[in-house]
Student: 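Below is the structure I would like to discuss, written out as structure tokens.
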Amino acid sequence: MLLTDYAWPDDSVERSVVEGGGHTLVTGPAEPASAEAIEELVAEHRPAGILTCWAPVSATAIGTSPDLRIVARLGVGLDNIAVDAATERGAWVTNVPDYCVEEVSDHAVGMVLAWTRGLAVFDREVRAGHWDPASARLRRLSALTCGVVGYGRIGRATVRKLGGFGCRILAHDPHPPKDAPGVEMVGLEELLRRSDVVILHVPLTPGTHHIIGAEQLALMRPGGLLVNVSRGGLVDTDAVTKALDSGHLDGAAFDVLETEPHVPDELLDQPGALLTPHVAFSSDASVTELRRRAAEEVVRILAGEAPAHACNTPRGPSTGAGDR
């Protein structure tokens, strides 16, 4: 097994599960390496399974190992994995879709509260020696309309938590549920026009790349907040910076960036930007659960069993389950 990268201090959890299943674990660098570096690791070790956090697993890497049966994502999104290549190669692609529902929704709501109550702004002011309560221009959350784009597991959790504050809630999803208590399901344009706060809870796909750009930002109510705790590529960062510059957008709260870990200077210079380093998923409980469950998927496939959370249907010569 090859662990390409990891966003925690060591590989002990993954190693315990993999070696407990009778396999050998080879670990790459903690920081995600380039696609080329991962391809070299795969070519060197020819793994039967790949565990990846953020490192890119390219079509070349997938085609390099003749015994490859599974690429398991230590996370939810699959935008760093060449899923189509794995499907054609006959390898499963899996993820852990529900390990951080509470953490990410907490993070989104926390960002909304930081904006409505001025928490980050006033913390910076006080630390800089400015004690000026008269400058406060704060908001009552219960008087606002919050729009949630994406009504999956995390979106529904965010809606549930926001509901406790008494705000009006709109939601948009390409596959809207028949019943969504306390939520008004609307189209994306209507959501943008009517919302004071817009929160993104959608995966990054070719269809959702830059789902929020200059045109969409122009539809938003003046002085609103945009929250992105999903994937950086959902948002045109340059357009957001310009909207903050003009004052049309009052705040942008991002846990993810298209250029991460690089943060554009233009965004750093924005007082209305609240930035965290892709940690919305993280808690002691969620990270341990993620590592264990992702590693268990690899062991499960190599034991000839079906995956718990398949993200594809392999079409190639070796599908793992039932092919020993």
Side-chain angles (χ1 to χ4, degrees), residues 1-8 10-33 35 37-39 41-42 45-101 153 203-204 231 278 281-282 286-316 318-324:
M1 305 301 112
L2 171 64
L3 175 62
T4 63
D5 63 303
Y6 50 97
W8 27 87
D10 57 47
D11 65 359
S12 60
V13 173
E14 296 84 354
R15 186 169 298 280
S16 174
V17 174
V18 169
E19 293 183 351
H23 309 290
T24 300
L25 182 69
V26 175
T27 302
E31 292 293 323
I38 298 302
E39 290 162 7
L41 277 173
V42 173
H45 297 288
R46 299 160 65 94
I50 296 174
L51 282 158
T52 186
C53 186
W54 288 324
V57 180
S58 68
T60 298
I62 288 168
T64 298
S65 183
D67 299 321
L68 186 67
R69 286 177 147 181
I70 179 173
V71 181
R73 173 81 212 287
L74 287 148
V76 180
L78 304 173
D79 46 289
N80 62 324
I81 299 172
V83 178
D84 289 345
T87 299
E88 293 302 322
R89 173 67 184 76
W92 292 100
V93 176
T94 64
N95 68 352
V96 188
D98 54 356
Y99 78 99
C100 61
V101 169
R153 293 180 181 89
L204 179 60
R231 283 292 184 270
H278 204 145
F281 71 92
S282 184
S286 69
V287 170
T288 299
E289 179 183 352
L290 168 68
R291 298 168 65 185
R292 175 182 54 78
R293 289 174 59 188
E296 285 172 349
E297 282 281 51
V298 173
V299 173
R300 189 176 293 118
I301 288 297
L302 295 188
E305 301 172 14
H309 296 291
C311 300
N312 70 336
T313 302
R315 292 195 292 268
S318 174
T319 61
D323 182 40
R324 291 177 58 79

Student: Looking at residues at least two apart in the chain, or sitting in another chain, which of them share a side-chain contact (heavy atoms from CB on, under 4.5 Å) with Thr313?
Tutor: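 side-chain contact (heavy atoms from CB on, under 4.5 Å) check on Thr313 returns nothing, list empty.
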Student: For Arg315, is there any backbone N or O sitting under 3.5 Å from a side-chain donor or acceptor partner on Thr87?
Tutor: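 Not confirmed, Thr87 side chain does not pair with Arg315 backbone.
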Student: With sequence neighbours left out, write down each residue that passes side-chain contact (heavy atoms from CB on, under 4.5 Å) with Ser16, or none if nothing qualifies.
Tutor: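 Listed in chain order: nothing, the list is empty.
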Student: Measure the spacing between CD1 of Ile50 and CD1 of Ile81 and express it to the nearest 0.5 Å.
Tutor: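 So the gap between those two atoms works out to 9.0 Å.
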Student: Once you measure the plane-to-plane angle for Trp54 and His278, does it fall in the parallel (<30°), tilted (30-60°) or perpendicular (>60°) bin?
Tutor: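 If you compare the ring of Trp54 with that of His278, the planes turn out tilted.
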Student: Using the side chain to side chain contact (heavy atoms under 4.5 Å, CB included) definition, which of the options Leu204, Val57, Thr94, Val93 pairs with Leu78?
Tutor: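 With Leu78 as partner, side chain to side chain contact (heavy atoms under 4.5 Å, CB included) holds for just one option, Val93.
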Student: Closer than 3.5 angstrom, by distance alone: can the side chain of Asp5 be matched with the main-chain N or O of Ala55 as a donor-acceptor pair?
Tutor: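 Yes, the answer is positive, given that a donor and an acceptor are paired below the 3.5 Å cut-off.
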Student: Which atom names give the shortest non-hydrogen contact between Ala294 and Leu74, and what distance separates them?
Tutor: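 Minimum heavy-atom separation between Ala294 and Leu74: CB-CD2, 3.5 Å.
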Student: For the CG atom of Leu2 and the CZ atom of Arg46, what is their distance to the nearest 0.5 Å?
Tutor: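 Between atom CG of Leu2 and atom CZ of Arg46 there are 13.5 Å.
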Student: Hey, does the side chain of Arg89 reach the backbone of Pro66 with a donor-acceptor pair shorter than 3.5 angstrom?
Tutor: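 Flag set: sc Arg89 to bb Pro66 pair under 3.5 Å.
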Student: Please check this pair: side chain of Arg73 against backbone of Cys53, looking for a donor-acceptor N/O pair closer than 3.5 Å.
Tutor: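 Side chain of Arg73 to backbone of Cys53, a donor-acceptor pair under 3.5 Å: yes, one is there.
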Student: Classify the side-chain pair Ser58/Glu39 by whether it contains a donor and acceptor separated by less than 3.5 Å.
Tutor: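 Yes, Glu39 and Ser58 have a side-chain donor paired with an acceptor closer than 3.5 Å.
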Student: Looking at OH of Tyr99 and CZ of Arg292, how far apart are the two atoms once the value is rounded to the nearest 0.5 Å?
Tutor: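 Going from OH on Tyr99 over to CZ on Arg292, the span is 13.5 Å.
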Student: Apply side chain to side chain donor-acceptor pair (under 3.5 Å) to Thr4 and list each qualifying residue two or more places apart in sequence or on a separate chain.
Tutor: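 Partners of Thr4 by the side chain to side chain donor-acceptor pair (under 3.5 Å) criterion, ordered by chain and then number, come out as Thr52.
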Student: Apply the test side-chain contact (heavy atoms from CB on, under 4.5 Å) to residues Tyr6 and Val13: give CA-CA distance (whole Å), side-chain angles for both, the deciding distance (0.1 Å), then the verdict.
Tutor: CA-CA 11 Å; Tyr6 50 97; Val13 173; over 6 Å; no
Student: Please report the interatomic distance CG(Leu3) to OG1(Thr27), rounded to the nearest 0.5 Å.
Tutor: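 Atom-to-atom, Leu3:CG and Thr27:OG1 are 5.0 Å apart.
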Student: List the atom of Ile62, the atom of Ala82, and the distance in Å for their closest heavy-atom pair.
Tutor: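 Nearest heavy atoms, Ile62 then Ala82: CD1-O, 3.3 Å.
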Student: Distance from Glu297 atom CD to Ile70 atom CD1, nearest 0.5 Å?
Tutor: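 It is 5.5 Å, given to the nearest 0.5 Å.
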Student: Flag yes if more than 12 heavy atoms outside Glu19 fall under 6.0 Å of its CD atom; otherwise flag no.
Tutor: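 Yes, CD of Glu19 has more than 12 neighbouring heavy atoms, counting only those of other groups under 6.0 Å.
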Student: Please report the closest heavy-atom contact between Leu41 and Pro29, naming both atoms and the distance.
Tutor: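 Looking at all heavy atoms of both residues, the closest pair is CD1-CD, 4.2 Å.
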Student: Can you tell me if Asn312 uses its side chain to pair, donor with acceptor, with the backbone of Ala91 under 3.5 Å?
Tutor: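 Between the backbone of Ala91 and the side chain of Asn312 there is a qualifying donor-acceptor contact (under 3.5 Å).
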Student: Which atom names give the shortest non-hydrogen contact between Ile301 and Pro307, and what distance separates them?
Tutor: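 Shortest heavy-atom separation between Ile301 and Pro307 comes out as CD1-CD, 3.5 Å.
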Student: Locate the shortest heavy-atom distance separating Pro56 from Ala33; write the atom from each residue and the value.
Tutor: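 Residues Pro56 and Ala33, closest heavy atoms: CD-O, 3.3 Å.
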Student: If you measure from CG on Leu302 to CE on Met1, what distance do you get to the nearest 0.5 Å?
Tutor: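 Interatomic distance, Leu302 CG to Met1 CE, rounded to 0.5 Å: 4.0 Å.
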